[in-house]
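Working notes, beginning with the structure itself.
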Amino acid sequence: MRPELPDYGAFLRWPGDGSAWIYPDDRAIVMRMIPGERVFRRHRFDGNYYHYQYGETRFRLQPCMWLPIPGEGVDIGDLVETIGFALERELFVGTVLEALFVEGEGRVLYRIDNGGAIEDRLYSREEFKVLTNKLSLRVSGNEHPTPLWVTRYQDESISGPRLPMGDIETEVEADDGSDQQANRSD
């Protein structure tokens with residue numbers, strides 16, 4: 001059964017023997033990135049490999065075991081605004097640098113760049129709101145009939161009776177340079 005994508009998860013442990021399940025060109029990246037607490041976004045399946053991303057880092061893996069984590073609508077690189085609480089928390093707008101699954105707490109915590117000053121503190125999803133617009137269109141399951149466009153030139157009966165335009169007076173220049181009035185009606 002294929003999961004609904006995109007979904008999120010972490011590789012807290014090495015998911016398989018050897019490295020045959022890793023796309024050959026991505027082995028160095030994967031060896032550096034997993035195992036660990038990072039929460040990856042799995043966004044596509046090409047029939048053989050799942051495509052993962054963590055910020056700008058992308059790699060491909062064959063289906064393997066990982067810890068699925070419910071998505072919170074936050075991706076690496078998203079612009080966020082912290083939510084203040086009395087005078088305990090500083091308000092700022094920053095960028096999500098890391099998404100980490102903290103096993104002891106059983107939830108995802110985020111490291112946020114505070115305008116060049118990287119915070120040591122990790123933020124929970126309740127402590128900020130996402131400012132990045134993530135609207136996406138999905139394929140509709142509804143069938144819509146193709147409209148039949150008919151112009152008045154194709155079928156005069158649809159356009160109805162023609163309204164009289166009356167006499168239109170225009171000035172026409174004669175070839176000899178003198179002005180003359182012309183009356184015309186449709």
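Here the structure is a predicted model, which is why all the values come from computation and not from measurement.
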Legend entry - Those residues that, when tested against F59, pass ring pair (Phe, Tyr, Trp, His ring centres under 6.0 Å) (two or more places apart):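 So F59 forms a ring pair (Phe, Tyr, Trp, His ring centres under 6.0 Å) with F40, Y52.
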
Please name all residues satisfying salt bridge (charged side-chain N to carboxylate O under 4.0 Å, His left out) with [X], sequence neighbours left out, ordered by chain then number.
X: E103; answer: R13
X: D78; answer: K134
X: R38; answer: none

Legend entry - salt bridge (charged side-chain N to carboxylate O under 4.0 Å, His left out) contacts in which one or both residues fall within residues 40-56, not counting sequence neighbours: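 Sorted result for residues 40-56: D7-R42, R41-D75.
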
Legend entry - Note, F92 side chain near I112 side chain (heavy atom, < 4.5 Å):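 A side-chain contact exists here, since the closest heavy-atom pair is under 4.5 Å.
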
Inset, instruction - Output yes when a side-chain donor or acceptor of W66 lies under 3.5 Å from a complementary backbone atom of P63, and no otherwise. - result: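 A pair under 3.5 Å: no.
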
Inset, instruction - Apply side-chain hydrogen bond (donor to acceptor under 3.5 Å, both in side chains) to R125 and list each qualifying residue two or more places apart in sequence or on a separate chain. - result: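 With neighbours one apart ignored, the set is empty.
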
Legend entry - Pairs touching residues 25-35 that satisfy side-chain hydrogen bond (donor to acceptor under 3.5 Å, both in side chains), sequence neighbours left out: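 Listed by first then second residue: S19-R27, D26-R60.
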
Residues two or more places apart in sequence or in another chain: which of them pass side-chain contact (heavy atoms from CB on, under 4.5 Å) with [X]?
X: R107; value: E105, L109, S124, E126
X: E81; value: V93, K129, L131
X: I76; value: Y54, V96, A99
X: P35; value: W14

Legend entry - Sub-6.0 Å ring centroid separation between Y50 and F45: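 Centroid distance Y50-F45: below 6.0 Å, so yes.
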
